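Bear in mind the structure is a predicted one, so any value in this text is a computation, not a measurement. Order of the sequence lines fixes the chain letters, A, B, ..., with proteins taken first and strands second; residue numbering starts at 1 for each chain.
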Number of protein chains: 2
Amino acid sequence: MDDLVTHTEPQPAATPGTPSWAPQHDPKEPETFAECTRAMVPVHEVLAQISGKWTILVVQALSAGPQRFSEIKRRIDGVSQKMLTATLRDLEKDGFVSRTVTPSIPPRVDYALTEMGRELQEPLKVIGNWAHANRHRVEEARERFAEREEEAKRLAW
Amino acid sequence: MDDLVTHTEPQPAATPGTPSWAPQHDPKEPETFAECTRAMVPVHEVLAQISGKWTILVVQALSAGPQRFSEIKRRIDGVSQKMLTATLRDLEKDGFVSRTVTPSIPPRVDYALTEMGRELQEPLKVIGNWAHANRHRVEEARERFAEREEEAKRLAW
DNA sequence: CTGGATCCTATCTGATACTG
DNA sequence: CAGTATCAGATAGGATCCAG
């Protein structure tokens, strides 16, 4: 019982070149790892944006069609007005959501996914499905990690 | 020129039911929006994890094969030892990365993607490709947003 | 070599109150 | 109704020093 080694497969030992994933590049133009890292920056920015506490839920809510501020707020349980405003602003800034103001009294503001926002749903669906399908595996992994932690504590005393 | 309306398509008006994306469900078991929202929680947790400042880069680095702590650190420009440790710990906790300790002197610790970690690369690749392919659209959207902001400022004075 | 412990800063989030 | 302002608490990230 070698608990320390979770190693499932030896894997072909580190190849120092370009990682396999992320944007595919022209094989004629080999990239250094540093260049590849730089290429990942926009990827991270998008991920950082969509992983805001409320972003996914807002996109999800808007996937049902254009809605007013209060409709969205009602749909999303627990969101504060401040955070919903901020989230919508960020999504608008990046071009995922459109904001339509009707200067009436009282004012009316409608939000909707833009073409790009709807396109974003596809990759989001992929990772969403993956996360949903694997949530139990992650939970189990966390439990095993917690057990190993307690085990380590007991050994320390 | 109706700048306020970015609306590209009217879209079929909000349908109050289940959003179209996220984990597909059995059509025989219609979910309320609240239930669907709850189903998104694990999705968000995974996204929150992989959107840490260094997580993607670590997974990317490890996609080249098992490596020691210092190798990973060398690959990732600018990461502090503290954050790399924390990121690796979190990835280990969720079962994406395995940690192998060789109690020699000096100690040697190898990290590698687990089977689940390698599976994660696929959805990550999808969203990575999307982000990379659309980075210019996002940039343009941000510029247009900044312009609209300045325009609004000028009108305010 | 690896990584824990501390201290410090920046950002995020939430609750409340106020405005057009 | 929609949104801004403010204040306080929680977290993430980083720098540095110490230890097995």
Pairing donors with acceptors under 3.5 angstrom, does anything connect the side chains of B:Arg75 and B:Gln60? no

Whole angstrom value for the distance that separates [atom2] of [N] from [atom1] of [X]:
| X | N | atom1 | atom2 | value |
| --- | --- | --- | --- | --- |
| B:Ile72 | C:dC1 | CD1 | P | 14 Å |
| B:Glu92 | C:dT2 | CD | P | 15 Å |
| A:Ile76 | D:dA2 | CD1 | P | 14 Å |
| A:Arg108 | C:dG20 | CZ | C1' | 18 Å |
| B:Leu57 | D:dG13 | CG | C1' | 15 Å |
| B:Ile105 | D:dG20 | CD1 | P | 12 Å |

In Å, rounded to the nearest 0.5 Å, how long is the span from CH2 of A:Trp54 to CE of A:Met83? 8.5 Å

Measure the spacing between CG of B:Leu91 and CE of B:Met116 and express it to the nearest 0.5 Å. 10.0 Å

Tell me, please, which residues at least two apart from B:Arg74 pass salt bridge (charged side-chain N to carboxylate O under 4.0 Å, His left out). none

Apply salt bridge (charged side-chain N to carboxylate O under 4.0 Å, His left out) to A:Glu122 and list each qualifying residue two or more places apart in sequence or on a separate chain. A:Lys125

Check each of B:Leu62, B:Val59, B:Asp90 against B:Val97 using the side-chain contact (heavy atoms from CB on, under 4.5 Å) test, and report the only one that passes. B:Leu62

Which is more 5' along DNA chain D, the nucleotide nearest B:Ser80 or the one nearest A:Pro106? Just name the residue. A:Pro106

If only side-chain N and O atoms of B:Ser70 are considered, is one of them under 4.0 Å from the OP1 or OP2 phosphate oxygen of C:dT2? yes

Tell me whether the OP1 or OP2 atom of D:dA2 has a side-chain N or O from A:Arg68 closer than 4.0 Å. yes

If each of A:Pro107 and A:Gly52 is mapped to the nucleotide of DNA chain C with the nearest heavy atom, which maps nearer the 5' terminus, i.e. the 5' end? A:Gly52

Treat primed atoms plus P, OP1 and OP2 as sugar-phosphate and everything else as base, then score nucleotides 3-12 of chain C 5' to 3': B for base contact with protein heavy atoms under 4.0 Å, S for sugar-phosphate contact only, - for none. BB-B------

